There are 2 protein chains.
Amino acid sequence: MKTLRILAVDDHEMTMLGYKFILERIVFDDHNIIVDTANTYEGGKQKIEESLHSFKYDIIFLDVQLFPPNEEQPNNGEDLGILARKLVPESKIIFMSSFSDNYRINSILKSVDPDGYMVKTDIDPKSLEQAVKTVTTQPPYYSSKALGAIRKKMSNDITLDENDKKILYHLSIGTKTKDLEKHIELSSSSIENRKRHLKSLFGTEKENDLALILAAKNRGFI
Amino acid sequence: MKTLRILAVDDHEMTMLGYKFILERIVFDDHNIIVDTANTYEGGKQKIEESLHSFKYDIIFLDVQLFPPNEEQPNNGEDLGILARKLVPESKIIFMSSFSDNYRINSILKSVDPDGYMVKTDIDPKSLEQAVKTVTTQPPYYSSKALGAIRKKMSNDITLDENDKKILYHLSIGTKTKDLEKHIELSSSSIENRKRHLKSLFGTEKENDLALILAAKNRGFI
DNA sequence: AGGTAAACCCCAGTTTTTTTAAGGTAAAAC
DNA sequence: GTTTTACCTTAAAAAAACTGGGGTTTACCT
């Protein structure tokens with residue numbers, strides 16, 4: 001009887017209890033599943049560091065958003081993922097996130113390259129079980145909505161560089177064109193040029209910014 | 001009792017019989033599964049065209065390689081996929097292929113954006129069943145090895161243009177540098193520059209071409 | 001070992017693309 | 001009704017990519 005150790009980090013106490021309840025009831029070969037939990041960045045970090053000197057977690061579930069969006073917290077789930085990768089590279093990391101937007105998914109897939117990514121609305125006992133099993137045998141596991149987003153990106157032949165992506169992202173969250181230069185290392189006319197270029201790429205010439213971000217969203221870039 | 005109609009196209013008669021045998025035995029809600037088969041591009045095309053006037057196929061399984069690699073055939077599974085998309089856009093298309101190399105996977109994901117992609121070594125009764133169910137309810141379905149390839153691509157931030165990809169691809173199939181100009185619309189010195197640039201991108205400066213294509217393979221580009 | 005072809009490297013000139021600044025117009029916001 | 005913002009044009013500067021011409025090194029063949 002092997003023991004499969006899981007750490008789940010989510011800021012909502014209740015949902016985490018749900019995960020723990022479901023995960024520990026998974027029947028998986030001759031494995032005994034034990035779930036630890038934490039509900040802050042610091043708490044998760046501590047659990048991982050403690051584990052270094054004893055057992056190590058086989059799977060770490062991480063909520064991307066460890067704090068309410070309005071609170072300006074320095075560290076989120078993504079940072080904890082990066083830290084975990086460094087401390088315990090052999091642990092499988094599965095991200096959970098409520099948004100299925102491509103910008104964040106892409107950012108996470110690049111920065112930590114997790115062994116799994118689940119959009120929260122896809123999470124249920126069945127998918128959690130599937131995730132645990134897939135990730136331990138042949139990662140990665142991506143939940144249905146995540147796969148949909150990934151599919152959009154893969155079926156796309158438009159390639160954008162970092163500046164283009166930043167422009168799209170900032171526009172999508174409501175940043176005004178005139179304020180873009182504060183976030184992107186380019187002159188205002190360059191940004192305008194790129195915006196024009198982007199609109200032609202996405203077939204929204206002579207339309208407004210909303211049409212552009214809508215098109216970019218449809219194609220899976222935001 | 002609904003009827004789920006499946007068309008499977010593969011040039012190996014025997015493997016196709018296997019698919020038919022397994023697919024028709026899948027228990028899926030109150031569905032009755034019927035599998036038609038074809039073993040050539042022409043045969044598949046004909047079946048699809050016939051279906052236009054009666055029922056339509058719910059799922060079409062397509063072997064990417066419909067002919068032995070040495071035979072110079074004009075049409076392969078990819079072409080049949082493009083045709084099928086045009087004739088019956090509502091049919092789900094699942095590609096099967098023996099190679100898991102990214103170059104081909106990417107090409108197919110872009111040209112037809114199939115609802116499923118299965119690497120042949122991943123195919124077994126269980127995965128076939130999973131593919132049928134996933135594709136009918138919430139596509140896409142990608143088999144384990146395909147997901148591995150997709151993961152590699154998603155997790156890296158190197159963006160290459162068409163010429164770079166062509167150079168990598170041709171180098172990987174053994175094309176000599178001096179012959180590259182026949183396949184790519186660039187001068188020989190441009191190709192050399194790009195090769196140098198590629199080697200620096202992949203961290204294989206001052207190494208030979210083998211190191212470059214190995215690195216590119218590892219990162220999921222070939 | 002000698003000879004040859006391919007791979008590789010470097011440079012200088014050219015073309016192409018990107019960036020930048022400056023100035024103007026039309027629409028929207030206040 | 002004035003100010004702000006978005007958008008466009010132009011021209012010049014800078015950066016990046018391409019090209020043709022050198023050359024040297026490496027690999028392979030007999």
Side-chain angles (χ1 to χ4, degrees), chain A residues 101 103 106 110 156-219 221-222, chain B residues 101 103 106 110 156-219 221-222:
Chain A
D101 70 288
Y103 188 82
N106 285 336
K110 274 183 194 167
N156 228 309
D157 49 358
I158 296 178
T159 57
L160 305 179
D161 66 15
E162 279 312 306
N163 284 329
D164 288 330
K165 287 183 207 162
K166 277 184 194 162
I167 289 175
L168 285 177
Y169 174 69
H170 279 110
L171 282 179
S172 78
I173 60 174
T175 308
K176 290 179 183 162
T177 298
K178 79 173 176 69
D179 293 326
L180 282 179
E181 13 187 343
K182 292 171 193 162
H183 304 279
I184 298 158
E185 289 273 318
L186 285 173
S187 72
S188 58
S189 35
S190 289
I191 290 176
E192 285 174 14
N193 282 336
R194 277 173 179 267
K195 271 181 65 180
R196 235 193 314 284
H197 181 229
L198 284 170
K199 285 184 183 174
S200 94
L201 274 182
F202 286 104
T204 55
E205 293 101 329
K206 304 276 172 192
E207 295 186 66
N208 62 13
D209 293 1
L210 187 65
L212 172 63
I213 42 185
L214 248 48
K217 275 213 174 106
N218 277 334
R219 306 272 221 118
F221 284 96
I222 312 183
Chain B
D101 68 288
Y103 188 83
N106 285 335
K110 273 182 196 167
N156 71 49
D157 48 357
I158 297 178
T159 55
L160 307 178
D161 66 14
E162 280 312 305
N163 283 329
D164 288 330
K165 287 185 207 159
K166 277 186 195 162
I167 288 175
L168 285 177
Y169 174 69
H170 279 110
L171 281 180
S172 79
I173 60 173
T175 308
K176 292 181 179 159
T177 298
K178 79 173 175 71
D179 294 325
L180 282 180
E181 13 186 342
K182 292 171 193 161
H183 304 280
I184 298 158
E185 289 274 317
L186 286 173
S187 72
S188 58
S189 33
S190 288
I191 290 175
E192 284 178 14
N193 282 337
R194 276 175 181 266
K195 272 181 62 179
R196 237 193 312 283
H197 181 228
L198 283 170
K199 284 184 183 175
S200 95
L201 275 182
F202 286 103
T204 54
E205 293 101 330
K206 304 277 174 192
E207 296 187 66
N208 62 15
D209 294 359
L210 188 63
L212 171 62
I213 49 181
L214 248 48
K217 277 212 172 106
N218 277 335
R219 305 273 221 118
F221 284 96
I222 314 183

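Just so you know, these numbers come straight off a predicted model, no measurement behind them. Atoms considered below: every heavy atom in the structure, side chains included; atoms not considered: hydrogens, waters and symmetry mates. The sequence lines fix the lettering, A, B, ..., with proteins before strands; numbering per chain opens at 1.
- Spacing between atom CD1 of B:Ile167 and atom C1' of C:dA7 amounts to 14 Å, rounded to whole angstrom units.
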Does the side-chain contact (heavy atoms from CB on, under 4.5 Å) test come out yes or no for A:Leu201 and A:Leu160, once each step is laid out? CA-CA 10 Å; A:Leu201 274 182; A:Leu160 305 179; 3.8 Å; yes
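- Using the six-membered ring where Trp is involved, A:Tyr103 and A:Tyr169 have ring planes that are parallel, under 30° apart on the 30 and 60° scheme.
- Identified under the salt bridge (charged side-chain N to carboxylate O under 4.0 Å, His left out) test for residues 167-184 of chain B, with sequence neighbours left out: B:Asp179-B:Lys182.
- Nearest-nucleotide positions on DNA chain D for A:Glu207 and B:Glu192 put A:Glu207 closer to the 5' end.
- Counting to the nearest Å, the C1' atom of C:dC10 and the NZ atom of B:Lys195 are 16 Å from each other.
- The side chain of A:Lys199 contributes an N or O atom lying less than 4.0 Å from OP1 or OP2 of D:dC7.
- Contacts classified as salt bridge (charged side-chain N to carboxylate O under 4.0 Å, His left out) and involving residues 197-207 of chain A (residues at least two apart or in different chains) are given here: A:Lys199-A:Asp209.
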Step by step, would you call B:Lys166 with B:Thr175 a side-chain contact (heavy atoms from CB on, under 4.5 Å)? CA-CA 11 Å; B:Lys166 277 186 195 162; B:Thr175 308; over 6 Å; no
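- The phosphate of C:dA6 has neither OP1 nor OP2 within less than 4.0 Å of any side-chain N or O from B:Lys176.
- Ring geometry, A:His170 versus A:His183: the interplanar angle falls under 30°, so the pair is classed parallel (tilted spans 30 to 60°).
- Within the shown strands, C:dA1 is the pairing partner of D:dT30 under the Watson-Crick or G-U definition, both distances less than 3.5 Å.
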Nucleotide N/O of nucleotides 18-20 of chain C paired with protein N/O under 3.5 Å:
residue	atom	partner	partner atom	Å
C:dT19	OP1	A:Arg194	NH2	2.7
C:dT19	OP2	A:Arg194	NE	3.4
C:dT20	OP2	A:Ser187	N	2.7
C:dT20	OP2	A:Ser187	OG	3.1
C:dT20	OP2	A:Ser190	OG	2.8
C:dT20	O5'	A:Ser187	OG	3.4

Go through B:Lys195 and B:Glu192 one step at a time and tell me if the salt bridge (Lys or Arg N to Asp or Glu O under 4.0 Å) criterion holds. CA-CA 5 Å; B:Lys195 272 181 62 179; B:Glu192 284 178 14; over 6 Å; no
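- Separating the CG atom of B:Leu198 from the C1' atom of C:dA7 is a distance of 16 Å, rounded to the nearest angstrom.
- Regarding contacts with the backbone of C:dA7, every side-chain N or O of B:Lys178 stays at 4.0 angstrom or more from both OP1 and OP2.
- Whole-Å rounding puts the A:Asp179 CG to D:dT4 P distance at 14 Å.
- Between the P atom of C:dA6 and the CG atom of B:Asn208 lies a distance of 18 Å, rounded to the nearest Å.
- Between A:Arg196 and D:dC7 there is no side-chain polar atom (N or O) within less than 4.0 angstrom of OP1 or OP2.
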